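This report refers to the structure that appears directly beneath it.
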Amino acid sequence: MSLFKRGGVWWYDFQVRGVRVRESSGFASKADAVHAEALRKAGLIQSNGKLEVKIPETRFGEFALTEFASWSENEHRDHPSTHQRYMRSVKVLARYFGQRTFDTITSAEVERFKIARCGERRKFAKDGRCVTPAATNRDLAVLRILFNLAIRLKKAQTNPMTGVKLLVEHNLHMRVVSPDEESAYIPAASQPLRDVAIMILETGMRPGEVFHLRRGDVNLEIGFLQIPQGKTLFARRTIPLTSRALTVVSHRVSEATTEWVFPSPNNPHRPIGWVRKAHIKALRLAAINPPFRLYDLRHTALTRMAMAGVD
């Protein structure tokens, strides 16, 4: 008998009538695995005809970075930011579950992942803050979707997310930027962050909507722009441009060489993807404390609109 442990579960590896049998016992206990191996071997010896041997399951990381990635890209081709969000979680999940096969990932292992993930330090936090419950829940949501796809493709039998509860999120913080903070932040921001920030403050657009703005979405003659795509019906809307926003868009449209109003500096045929580093630098140069998130500029715009009586 030859037993080895992988991902907390014992596997057996033996030959019957010249056919190699390499399968998971499904047990974390070696004694149970030995018993399971003996039963499996006896059943194969007593069986008649050709041996039916299980095909070893695909490892999680291999499936996540190939089949799931391709599926996600195709499924969300109209919403590339969703695909990018999924792939950020896939990298996290592959780091933890990468070498394991689907049958070795249990609900108990997912609970251990929750604990480990919440204990990790945030990538860009210099104050030692850990990953938030909200970020962990996004990873768990992708894990559920990934396993559902694996089940449909006959790569997995069960979804370990069944019965796993998401963490309680505390997303009550909302920062409204003051006029003085805006006056310090905008000059300190480099391009394209400066124009992105102005567009958010003047229109209330989401950062991702500004990033993916196309020249065809803008009508400079009447001073409007359209958001043709969105996850909800209300996300697809027409937005009037203030004089400040119109100035920014007019300049960028006249300078654009591709369809994107905010092209990537590395590839003008793609939109910019993020301005996090520039945002952090602008906050530091403007000496703004406590800091605010880029998305808080949208909160600021909508708050100002509400105070002005805008529906």
Side-chain angles (χ1 to χ4, degrees), residues 79 81-82 85 124-125 127 129 132-135 137-138 168-214 217-253 261-262 271-272 274-311:
H79 305 286
S81 59
T82 300
R85 165 84 277 283
F124 295 101
D127 56 1
R129 286 178 295 167
T132 63
N137 284 344
R138 302 296 84 77
V168 177
E169 299 181 18
H170 302 284
N171 296 328
L172 300 180
H173 60 282
M174 185 182 78
R175 179 82 149 77
V176 176
V177 180
S178 70
D180 289 341
E181 289 175 327
E182 178 186 344
S183 298
Y185 176 81
I186 295 298
S190 59
Q191 291 290 16
L193 171 62
R194 183 182 304 168
D195 286 351
V196 169
I198 291 174
M199 290 298 297
I200 297 174
L201 283 167
E202 294 296 310
T203 65
M205 294 171 67
R206 298 175 176 87
E209 293 171 339
V210 177
F211 296 162
H212 292 89
L213 192 62
R214 289 179 166 90
D217 298 332
V218 181
N219 189 321
L220 297 176
E221 294 182 1
I222 60 176
F224 278 82
L225 64 81
Q226 290 184 328
I227 307 297
Q229 297 179 347
K231 292 185 177 180
T232 66
L233 178 62
F234 293 105
R236 304 161 196 168
R237 61 202 188 279
T238 300
I239 301 175
L241 295 173
T242 64
S243 59
R244 191 183 182 195
L246 186 59
T247 299
V248 169
V249 173
S250 299
H251 174 72
R252 288 206 157 262
V253 168
V261 177
F262 291 88
I272 58 174
W274 204 243
V275 288
R276 181 192 294 271
K277 291 183 179 179
H279 173 66
I280 294 174
K281 182 179 180 180
L283 291 173
R284 185 177 68 253
L285 293 175
I288 295 177
N289 190 34
F292 59 83
R293 302 168 303 168
L294 184 64
Y295 202 94
D296 287 327
L297 296 179
R298 170 173 160 82
H299 293 156
T300 301
L302 300 181
T303 299
R304 292 176 181 176
M305 290 178 188
M307 293 174 65
V310 177
D311 185 352

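No experiment lies behind these values; they were computed from the predicted model shown.
Atom CG of residue L241 and atom CG of residue N219 lie 9.0 Å apart, to the nearest 0.5 angstrom. Interatomic distance, CG of L297 versus CD of E181, reported as 10.0 Å (0.5 Å rounding). Summarising the geometry, atom CE belonging to M305 is positioned 11.0 Å from atom OG1 belonging to T300; distances are rounded to the nearest 0.5 Å. The distance from the CD1 atom of I288 to the OG atom of S178 is 7.5 Å, given to the nearest 0.5 Å. The CG atom of L193 sits 3.5 Å away from the OH atom of Y185 when rounded to the nearest 0.5 Å. With values rounded to the nearest 0.5 angstrom, R244 atom CZ is found 10.0 Å from T247 atom OG1.
A 4.5 Å side-chain heavy-atom check between F262 and M199 finds at least one atom pair inside the cut-off. Using a 4.5 Å heavy-atom cutoff, the side chains of I227 and D217 are not in contact.
E209 and R298 are not joined by a salt bridge, as no carboxylate oxygen comes within less than 4.0 angstrom of a charged side-chain nitrogen.
Between M205 and T203, the shortest heavy-atom distance links the atoms CG-OG1, 2.9 Å. Listed here is the closest heavy atom pair of G223 and L246: CA-CD1, 4.3 Å.
Checked by atom type and distance alone, the side chain of H279 never pairs as donor or acceptor with a backbone atom of V275 at under 3.5 Å. For the pair R175 (side chain) and P290 (backbone), a donor-acceptor distance under 3.5 Å is present. A donor-acceptor pair under 3.5 Å is formed between the side chain of Q191 and the backbone N or O of D195.
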CA sep, side-chain torsions, deciding dist, call: Y295, I200, side chain to side chain contact (heavy atoms under 4.5 Å, CB included): CA-CA 8 Å; Y295 202 94; I200 297 174; over 6 Å; no
